[in-house]
Amino acid sequence: MNMNQLIDMIVRTVVRRAVNSGVNAGFDAMSNLGRKTSDKPQVTEQTTRESDPEREKLRAMRQARRAARSAQNITNS
């Protein structure tokens with residue numbers, strides 16, 4: 001066995017271990033992703049309405065625009 005073969009074998013082993021540890025770290029990160037999102041408290045629609053009246057005002061304006069466009073499309077058809 002010459003020197004180049006020995007170096008290639010060592011390099012392949014080191015690279016394989018590095019790739020495997022990176023893949024394992026990626027899988028671990030993805031498996032923890034679902035757990036982290038479930039720890040957050042759920043925001044209900046009622047909580048949103050109470051906390052931000054400006055948002056409700058904008059929502060009502062959007063709904064009114066949609067209704068006006070819908071009524072206009074019906075009369076033009």
For a quick test of your reading: what N or O donor-acceptor pairs under 3.5 Å do the side chains of residues 2-14 make, sequence neighbours left out?
{"unit_1": "Asn2", "atom_1": "OD1", "unit_2": "Asn4", "atom_2": "N", "d": "3.3"}
{"unit_1": "Asn2", "atom_1": "OD1", "unit_2": "Gln5", "atom_2": "N", "d": "3.0"}
{"unit_1": "Gln5", "atom_1": "OE1", "unit_2": "Asn2", "atom_2": "N", "d": "3.4"}
{"unit_1": "Thr13", "atom_1": "OG1", "unit_2": "Met9", "atom_2": "O", "d": "2.9"}

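Between the CD atom in Gln63 and the CD atom in Glu56 there is a gap of 8.5 Å [rounded to 0.5 Å].
Residues Asn20 and Arg16 meet the side-chain proximity criterion, which asks for heavy atoms closer than 4.5 Å.
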Next item on the list: Check the pair Arg62 / Leu58 against side chain to side chain contact (heavy atoms under 4.5 Å, CB included), numbers first and verdict last.
Entry: CA-CA 6 Å; Arg62 280 194 306 269; Leu58 292 173; 4.1 Å; yes

